[in-house]
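Predicted, not measured: the structure shown is a model, and the values here were computed from it. To find a chain, count down the sequence lines: A is the first, B the second, and so on, and within it residues start at 1.
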Number of protein chains: 2
Amino acid sequence: MISSRASTTARACARTSGLLRQHQRRSLATVSSSLFPGEPSAPHLVTPAIPGPKSKDLSDRIGTFQENRAHGFVVDYAKSQGNWIADADGNVLLDMFAQIASIAIGYNNPDLIALAKTDEFITATMNRAALGSFPPTNWQELVETGLGTVKPKGLNNIFTAMCGSCANENAFKASFMAYRARERGDQAQFTPEEMQSCMKNQSPGSPDFSILSFTSAFHGRLFGSLSATRSKAIHKLDIPSFNWPVVAWPDVRYPLSQHARENAEAEKVSLAAVEEAIVNSKKTGSSNGPIAALIVEPIQSEGGDNHASPAFFQGLRDVTKKHGVFMIVDEVQTGVGATGAFWAHDKWNLTSPPDFVTFSKKMQAAGFYHNIDTRPSMPYRNYNTWMGDPTRTLQARQIIRTIQDHGLVEKTDQVGNYIHEKLTDVIENGAGRGKIEKLRGENAGTFIAFDGKTPEVRDKFIMEMRKLGVHMGGCGDKAVRLRPMLVFEQKHADLFLEKLDKALGQL
Amino acid sequence: MISSRASTTARACARTSGLLRQHQRRSLATVSSSLFPGEPSAPHLVTPAIPGPKSKDLSDRIGTFQENRAHGFVVDYAKSQGNWIADADGNVLLDMFAQIASIAIGYNNPDLIALAKTDEFITATMNRAALGSFPPTNWQELVETGLGTVKPKGLNNIFTAMCGSCANENAFKASFMAYRARERGDQAQFTPEEMQSCMKNQSPGSPDFSILSFTSAFHGRLFGSLSATRSKAIHKLDIPSFNWPVVAWPDVRYPLSQHARENAEAEKVSLAAVEEAIVNSKKTGSSNGPIAALIVEPIQSEGGDNHASPAFFQGLRDVTKKHGVFMIVDEVQTGVGATGAFWAHDKWNLTSPPDFVTFSKKMQAAGFYHNIDTRPSMPYRNYNTWMGDPTRTLQARQIIRTIQDHGLVEKTDQVGNYIHEKLTDVIENGAGRGKIEKLRGENAGTFIAFDGKTPEVRDKFIMEMRKLGVHMGGCGDKAVRLRPMLVFEQKHADLFLEKLDKALGQL
């Protein structure tokens with residue numbers, strides 16, 4: 001065990017350096033200019049359509065050996081900078097999609113480039129450790145001064161993994177093991193019957209436990225995570241699934257604050273359905289096995305940017321706790337600042353923490369936070385060769401530091417409020433009237449979305465924006481989701497709003 | 001589509017540069033001295049036991065936030081070099097485990113360090129692409145001059161992924177989609193019933209297809225891959241599984257060449273069981289759904305280093321082809337040279353190629369090779385945010401080039417034969433007699449293993465070797481597996497054999 005003195009010192013150091021960084025914060029207004037002095041002030045468009053001929057040619061060449069039909073355009077990452085993405089043809093667009101919400105602090109961020117040139121980074125990336133068995137000498141310090149500094153309140157353990165899907169699946173595995181350990185009473189004892197039956201994929205060794213998720217949820221695309229995913233048929237068709245149950249996401253209306261009463265009713269209906277599903281799952285003859293965990297996104301992202309109130313999530317915490325079900329908060333897309341809090345679930349002020357918080361995407365590193373009670377009873381149970389990636393863990397630390405140095409979470413909160421207010425006006429009184437609707441993301445940083453009247457309107461809007469030099473992404477059936485980086489400032493927002501106005505005029 | 005002239009030119013260039021590299025090959029004897037001039041000539045041991053006090057302390061500190069009970073020792077990667085691993089206490093050991101068979105060309109390989117300092121590498125690692133939608137301008141060239149140069153014979157498509165488990169699972173998904181497309185007749189048509197039922201995890205949209213695997217197989221630890229894994233109960237306990245079938249691995253005797261006749265009989269029994277399982281799976285009322293694919297390791301690694309003959313694998317190809325079942329060859333551990341061929345399955349000389357070959361570990365990049373007939377009918381079906389990692393793809397290219405430059409596959413073949421011959425003598429006539437047995441890996445490069453008489457003897461042997469400065473790993477119940485890097489030469493082998501002799505004397 002780490003000595004309490006050493007631990008105290010480490011914490012004090014972390015605090016001091018955090019304070020120092022706060023003092024060093026540059027003015028909010030100048031963050032992107034100081035980090036990216038060469039950032040363009042307007043899109044640069046050289047081909048009549050995007051993808052242009054060079055993008056198309058490169059995409060076709062990739063198509064000879066790999067799927068290319070989901071290509072947007074081919075990117076010149078070396079020439080991309082800050083909020084701006086450059087393509088193979090020389091077009092430069094304002095990027096509000098950010099590699100599917102995965103770039104936190106801008107393309108070619110100088111802090112990350114400096115990191116890449118350090119011996120620590122080169123050693124880590126060229127000598128990949130099997131972290132679960134042969135961790136590097138700097139692992140403890142690296143995790144404690146990086147991922148450890150943004151532990152969600154109440155969670156002290158960190159499991160590192162490779163991507164969002166496997167972060168969720170490893171959290172499922174930890175849930176199942178902890179659930180069964182509680183049933184079993186003594187964590188260390190497996191029966192011979194369990195040992196033998198699991199080798200045949202049969203119960204009791206391979207129990208019929210299940211994960212509860214919501215309609216429209218997206219939790220990944222591997223076999224366990226896909227069984228909890230309910231976003232689109234195209235994600236699931238032809239793939240065998242676990243018979244895991246689903247409950248309807250509350251049918252809320254937007255803006256949430258103007259529909260508080262009816263939304264509270266809708267959330268009550270959903271909470272009652274969750275409780276019913278849990279209770280039924282534990283009855284003999286249930287169509288699915290006992291629900292061991294519930295997984296939920298703070299804002300359903302891929303499934304259409306669906307929100308709910310903090311009271312709903314508190315309700316989920318209450319009902320899961322009441323029935324001994326673990327609560328997994330999937331912050332793969334919402335985490336790392338974009339909602340105006342480092343973790344979206346920070347805003348819920350839960351009376352007790354969730355059991356697992358999963359992360360990936362903007363963190364670059366992936367994994368989950370949890371507590372000692374969900375650490376498996378024995379080693380090698382939730383284990384694999386790499387157990388994450390020290391390269392990405394180093395980047396995560398730098399991303400966290402850069403976010404803190406520049407106050408990017410608070411900034412994103414402010415910019416998000418600015419955009420939300422302007423968009424409200426555009427939709428109610430401006431060019432958006434009758435064309436776009438259902439604005440979401442009040443008080444959710446830049447994690448904002450709205451719907452096109454139809455899927456076709458949405459698709460056309462995104463293509464018009466691209467023609468005007470703004471790169472955006474959709475989600476759900478007809479939503480446009482804003483997923484800018486944390487270095488997206490008011491000047492970028494103004495440019496976006498200007499182009500939005502034009503694009504809406506084209507619809 | 002790439003023009004045929006451009007494609008021919010690219011192939012000619014690749015050939016020319018391959019030939020050039022062959023001409024530049026340094027003498028086999030001097031590879032490790034030239035790449036790693038500072039490589040030690042003997043272990044350096046400074047603590048009476050490993051892990052020493054510093055390793056233990058660091059491991060305990062990690063234990064405050066993460067599982068640490070599977071730690072061997074804590075590693076100083078900056079001080080590790082070539083075949084030698086340095087620990088936190090200053091001990092330096094000959095590494096024959098190589099991060100669970102995941103380091104190909106030595107710690108701190110100068111070619112990889114040079115790569116890390118290139119702008120191409122820094123751009124790739126600091127600006128992570130969503131490869132399936134926004135690939136970088138160099139992606140086509142990078143894949144074609146790297147992973148593309150070692151395509152297994154007969155396979156022209158490459159799917160990139162994050163790790164071995166997800167490589168296998170994405171191959172499962174591709175199998176299921178292709179199997180169902182063939183049943184459906186027209187790939188583009190999904191019925192409304194399929195579209196609706198899959199959202200509830202029900203057939204027909206989520207069909208009850210299965211994957212056939214062998215006893216003792218290891219294919220990963222996520223929910224799909226774990227359902228095909230049959231290595232140890234500890235890997236599977238408490239985790240829900242798909243009800244996928246299993247067939248017994250042929251009960252062969254070693255050395256294979258001295259038991260050809262009885263082994264052929266054992267393999268026939270296993271092949272018959274495979275055919276029976278396939279036929280039964282397609283009958284109404286089968287306990288599992290139709291087998292869409294069979295997955296097999298060329299040498300079962302984690303499960304105990306179990307071998308079979310090329311005729312057995314030809315038999316698997318024949319029976320799977322006969323019944324329209326896809327064949328997935330899992331080369332996650334066997335691939336990239338260690339068996340004395342770049343792909344272990346190269347040695348089978350199959351009459352037609354497998355449908356999928358999966359890779360990870362020593363390649364650093366992960367994924368699978370396949371053909372256009374198993375590319376899904378539509379985009380976004382086998383898709384995720386990252387679709388692999390350009391950083392690791394760059395490393396894969398350099399690893400492949402370094403292997404070719406130094407003829408490391410042929411060298412590994414020679415060194416492996418040397419070790420196998422010496423070990424035969426140690427077991428039959430030397431210090432190993434009555435203590436270790438069942439030598440495997442004749443004509444399999446350095447992919448060699450033997451059993452301790454009991455699990456306890458095996459464990460004691462590995463600990464004795466560590467005390468003598470040689471780091472080794474076990475597998476199965478009582479096997480010791482040799483997993484040195486491809487830069488392991490005769491001098492290292494001699495040192496290993498010398499220490500082995502001493503360790504056996506201690507048993």
Side-chain angles (χ1 to χ4, degrees), chain A residues 1-2 58 60-62 64-66 69-70 72 74-78 88 99-100 107 112 116 122-123 126-127 130 132-137 140 157-158 162-163 169 173 176-177 180 190 195 198-199 201 205-206 209 221-224 227 233-234 236-241 243 379-380 384-385, chain B residues 1-2 58 60-62 64-66 69-70 72 74-78 88 99-100 107 112 116 122-123 126-127 130 132-137 140 157-158 162-163 169 173 176-177 180 190 195 198 201 205-206 209 221-224 227 230 233-234 236-241 243 379-380 384-385:
Chain A
M1 293 286 285
I2 186 169
L58 285 167
D60 285 346
R61 287 166 187 251
I62 293 169
T64 61
F65 61 82
Q66 194 165 70
R69 289 167 294 175
V74 177
V75 179
D76 190 335
Y77 287 96
Q99 306 304 315
I100 320 180
Y107 293 115
L112 288 178
I122 294 173
T123 296
M126 296 300 146
N127 300 289
S133 287
F134 310 104
T137 46
Q140 170 247 334
N157 274 238
I158 307 176
M162 293 293 292
C163 67
E169 297 215 354
K173 287 180 69 177
F176 291 134
M177 290 189 252
R180 186 76 190 93
F190 306 115
M195 305 274 283
C198 75
M199 301 304 281
N201 293 340
S206 304
F209 291 155
R221 288 168 165 266
L222 300 172
F223 285 83
S227 296
I234 199 72
K236 291 172 74 73
L237 277 158
D238 300 346
I239 311 302
S241 273
N243 180 25
Y380 293 111
N384 56 58
T385 298
Chain B
M1 293 284 285
I2 186 170
L58 283 168
D60 286 346
R61 288 167 186 250
I62 294 170
T64 61
F65 61 82
Q66 195 164 69
R69 290 166 295 174
V74 177
V75 179
D76 189 336
Y77 287 97
Q99 306 303 316
I100 319 180
Y107 293 115
L112 288 179
I122 294 173
T123 296
M126 296 300 145
N127 299 289
S133 288
F134 309 104
T137 46
Q140 171 247 335
N157 274 237
I158 307 177
M162 292 293 292
C163 69
E169 296 215 354
K173 286 180 69 177
F176 291 134
M177 288 188 252
R180 186 76 190 94
F190 306 115
M195 305 273 284
C198 75
N201 292 341
S206 304
F209 292 153
R221 288 166 165 267
L222 300 173
F223 285 83
S227 295
R230 317 276 181 170
I234 199 71
K236 291 173 72 74
L237 277 158
D238 300 347
I239 311 300
S241 273
N243 181 25
Y380 294 110
N384 55 59
T385 298

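- When every heavy atom of B:Ser133 is checked against every heavy atom of A:Ala70, the shortest pair comes out as OG-O, 3.0 Å.
- Side-chain contact between B:Pro135 and A:Ile62 is present, with heavy atoms from C-beta onward closer than 4.5 Å.
- Distance check, rounded to the nearest 0.5 Å: CG of A:Asp238 to CZ of B:Phe176 gives 10.5 Å.
- Most heavy-atom pairs under 4.5 Å with chain B, from the set A:Leu58, A:Leu237, A:Ile122: that is A:Leu237.
- Heavy-atom pairs under 4.5 Å with chain B peak, among A:Ile100, A:Asp76, A:Asn384, at A:Ile100.
- Of the listed residues (B:Asn127, B:Thr123, B:Val74), the one with the most heavy-atom contacts under 4.5 Å to chain A is B:Asn127.
- Ranking B:Ala78, B:Gly132, B:Gly224 against chain A, the residue ahead of the rest is B:Gly132, based on heavy-atom pairs under 4.5 Å.
- Each of B:Ser206, B:Pro240, B:Ala130, B:Ala116 has some count of heavy-atom pairs under 4.5 Å with chain A, and the biggest count is that of B:Pro240.
- Here the closest non-hydrogen pair linking B:Met162 and A:Cys163 is CG-CB, 4.4 Å.
- For A:Ala233 against B:Met195, the heavy-atom pair with the smallest separation is CB-O, 3.8 Å.
- By the side-chain hydrogen bond (donor to acceptor under 3.5 Å, both in side chains) test, A:Lys236 is found to be paired with B:Asn201, residues two or more places apart in sequence or in another chain being considered.
- Between A:Met177 and B:Ile239 the shortest side-chain heavy-atom distance falls below 4.5 Å.
- Distance CD1/A:Ile234 to OH/B:Tyr380: 11.0 Å, rounded to 0.5 Å.
- Inter-residue side-chain proximity for B:Tyr77 and A:Met126 is flagged as unmet; no heavy-atom pair is nearer than 4.5 Å.
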